[in-house]
Peer 1: 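The structure under discussion is supplied below as structure tokens; questions concerning it will follow.
Each ligand, and each atom within it, is numbered from 1 in the order the structure gives. All figures in this text were calculated on a predicted structure; none of them were measured in a lab.
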Amino acid sequence: MKARPERLALLGHPLGHSLSPQMQNAALRAANIPLVYEAVDVPRRALEDTIESLRRTRAAGNVTIPYKLDVMAACDRLTPTAIAVGAVNTFWTAVDGALVGDNTDADGFLAAAIQVMGAPERGPVVAVLGAGGGASAVLHAINRWEPRAVYLYSRGMERARSLAARFAGLGIDVVDSAADAVRSATIVVNATPIGMSGDDVPVDVDVLSKDAVVLDLVYRRGETALVRAARARGLRAQDGLAMLVEQGALAFERWFSVKPDREVMWEAVREAR
Ligand code: NAP
């Protein structure tokens with residue numbers, strides 16, 4: 001059983017870019033919960049002590065880059081989703097003092113995807129660019145869609161191959177260029193950080209088929225160059241803000257067993273970015 005959180009924290013390094021504190025604090029105020037969600041920007045040398053202090057203070061919270069694997073290793077228990085994704089982005093303390101790790105990125109991705117394209121057609125062809133924690137959450141999520149084919153591209157081929165092996169049930173085809181990954185895809189997911197700043201794109205949108213949907217995990221002020229280019233081609237496209245809100249709302253539900261006011265969370269991220 002989970003304990004009522006006595007402290008809420010976001011663990012990462014660096015954290016200057018994160019919109020989660022504004023978003024979660026808006027949700028806490030709207031729900032009249034007298035807690036503050038703090039950004040805990042912790043250098044690696046202080047990570048172990050910080051995790052111990054979170055455990056002692058019956059904290060709950062989120063984890064972001066680069067500590068999703070470290071916190072997973074420090075947890076006493078993991079949910080099946082955290083195990084399947086292989087990363088922890090949400091945690092809480094149980095009444096017995098155990099630190100429990102979960103992952104809401106996968107369901108956050110699904111909820112955000114539905115917002116832009118509705119329920120996907122049966123058997124979509126999915127291209128995933130990138131092979132890190134975000135890509136892993138996406139691959140776990142798309143199992144639900146029973147994709148006809150999945151193409152995976154990452155600049156580090158070894159990382160892509162080992163991710164494909166972890167999700168062997170999807171029959172993933174690891175390809176050696178982003179263009180090859182997206183050519184026949186009906187859903188294209190960017191899970192690399194390309195586009196966080198500047199106008200770089202992970203793939204040229206001219207290669208995409210005319211009915212492809214683009215789901216970018218990255219978000220930034222004025223949307224990413226990938227999303228803007230896809231829309232200019234007449235494609236449906238969405239940046240990572242909807243996934244950020246959804247994974248955060250699902251985390252809030254895990255901590256407090258009530259739904260937060262998503263509209264308030266959206267207002268907070270729109271204002272902050
Ligand atoms: P990660 O674990 O560091 O993985 C990043 C992946 O992108 C790796 O495969 C990496 O390849 C590849 N990559 C990095 N820089 C690249 C470049 N310049 N060119 C080509 N490939 C590159 O990161 P992550 O946690 O998966 O996150 C990826 C992005 O998704 C981040 O921008 C993150 O903020 C975003 N994200 C958003 C949400 C949301 O809620 N919207 C949730 C999760 C993640 P190598 O292995 O070669 O380094």
Peer 1: What is the nearest protein non-hydrogen atom to atom 42 (C) of ligand 1, stated with its residue, atom name and distance?
Peer 2: M243 CE, 3.5 Å

Peer 1: Check whether more than 12 heavy atoms from other residues, nucleotides or ligands sit under 6.0 Å from atom CZ of R144, and answer yes or no.
Peer 2: no

Peer 1: List every atom of ligand 1 that sits less than 4.0 Å from any heavy atom of M196, numbering the atoms from 1 in the order shown and giving each element.
Peer 2: 32 (O)

Peer 1: How close does the nearest protein non-hydrogen atom get to atom 23 (O) of ligand 1, and which residue and atom is it?
Peer 2: I65 CD1, 4.0 Å

Peer 1: Is it the case that more than 12 heavy atoms not belonging to F167 sit under 6.0 Å from its CZ atom?
Peer 2: yes

Peer 1: May I ask whether Y67 and I51 are part of the same hydrophobic cluster, defined by side-chain heavy atoms of I, L, V, M, F, W, Y residues being less than 4.5 angstrom apart, directly or through others?
Peer 2: yes

Peer 1: Does any N or O of ligand 1 fall below 3.5 Å from an N or O anywhere on R155, backbone included?
Peer 2: yes

Peer 1: Please report which non-hydrogen protein atom sits nearest to atom 28 (C) of ligand 1, along with the residue it belongs to and the distance in Å to one decimal place.
Peer 2: A191 O, 3.3 Å

Peer 1: Looking at V218, which atoms of ligand 1 are within less than 4.0 Å of one of its heavy atoms?
Peer 2: 32 (O)

Peer 1: Numbering the atoms of ligand 1 from 1, which are under 4.0 Å from a heavy atom of T192?
Peer 2: 7 (O), 21 (N), 29 (C)

Peer 1: Taking the basic N atoms (NZ, or NE/NH1/NH2) and the acidic carboxylate oxygens, is any pair closer than 4.0 Å for R44 and D70?
Peer 2: yes

Peer 1: Would you check the N or O atoms of L241, main chain and side chain alike, for any that come under 3.5 Å of an N or O of ligand 1?
Peer 2: no

Peer 1: With nothing but distance in play, are any N or O atoms of Y219 less than 3.5 Å from an N or O of ligand 1?
Peer 2: no

Peer 1: Quick one: which ligand 1 atoms are inside 4.0 Å of a heavy atom on G240?
Peer 2: 39 (C), 41 (N)

Peer 1: I'd like to know if the side chain of D216 pairs up with that of Q238 as donor and acceptor (distance under 3.5 Å, no hydrogens or angles considered).
Peer 2: no

Peer 1: Would R159 count as being in polar contact with ligand 1, using the rule that some N or O on each side must be under 3.5 angstrom apart?
Peer 2: yes

Peer 1: With atoms numbered from 1 as shown, which atoms in ligand 1 lie under 4.0 angstrom from a non-hydrogen atom of S154?
Peer 2: 9 (O), 11 (O)

Peer 1: For atom 2 (O) of ligand 1, what's the nearest protein heavy-atom neighbour? Residue, atom name and distance, please.
Peer 2: G133 N, 3.1 Å

Peer 1: Is P193 touching ligand 1 with its side chain, its backbone, both, or neither, if touching means heavy atoms under 4.0 Å apart?
Peer 2: both

Peer 1: Will you find, in the side chains of N62 and T90, an N or O donor that is under 3.5 Å from an N or O acceptor?
Peer 2: yes

Peer 1: Which residue supplies the protein heavy atom nearest to atom 4 (O) of ligand 1, what is that atom called, and how far is it?
Peer 2: G132 CA, 3.3 Å

Peer 1: Answer yes or no: does atom CD of E263 have more than 12 heavy-atom neighbours from other residues, nucleotides or ligands under 6.0 Å?
Peer 2: yes

Peer 1: May I ask you to list the atoms of ligand 1 that are less than 4.0 angstrom from any heavy atom of G134?
Peer 2: 24 (P), 25 (O), 26 (O)

Peer 1: Mark up the atoms of ligand 1 that fall under 4.0 Å of a heavy atom belonging to I194, in ascending order.
Peer 2: 17 (C), 18 (N), 19 (N), 20 (C)

Peer 1: Does the pair R161 and E158 meet the rule for a salt bridge (charged side-chain N to carboxylate O under 4.0 Å, His left out), with working shown?
Peer 2: CA-CA 5 Å; R161 284 200 197 93; E158 261 327 295; 2.9 Å; yes

Peer 1: Tell me the protein heavy atom at minimum distance from atom 44 (C) of ligand 1, and give that distance in Å.
Peer 2: L217 CD2, 4.2 Å

Peer 1: May I ask you to decide if A94's main-chain N or O and R58's side chain share a donor-acceptor pair within less than 3.5 Å?
Peer 2: yes

Peer 1: Between N103 (side chain only) and A87 (backbone N and O only), is there a donor and an acceptor less than 3.5 Å apart?
Peer 2: yes

Peer 1: For G130, take its heavy atoms, then give the atoms of ligand 1 lying under 4.0 Å from any of them.
Peer 2: 9 (O)

Peer 1: Spell out, as yes or no, whether a donor-acceptor pair under 3.5 Å connects the side chain of N89 to the backbone of T104.
Peer 2: yes

Peer 1: Nearest protein heavy atom to atom 9 (O) of ligand 1, by residue and atom, and its distance?
Peer 2: A131 N, 2.7 Å

Peer 1: Tell me which pairs pass ring-ring contact (aromatic ring centres under 6.0 Å, His included) where either residue lies in residues 216-273, with sequence neighbours left out.
Peer 2: F252-F256

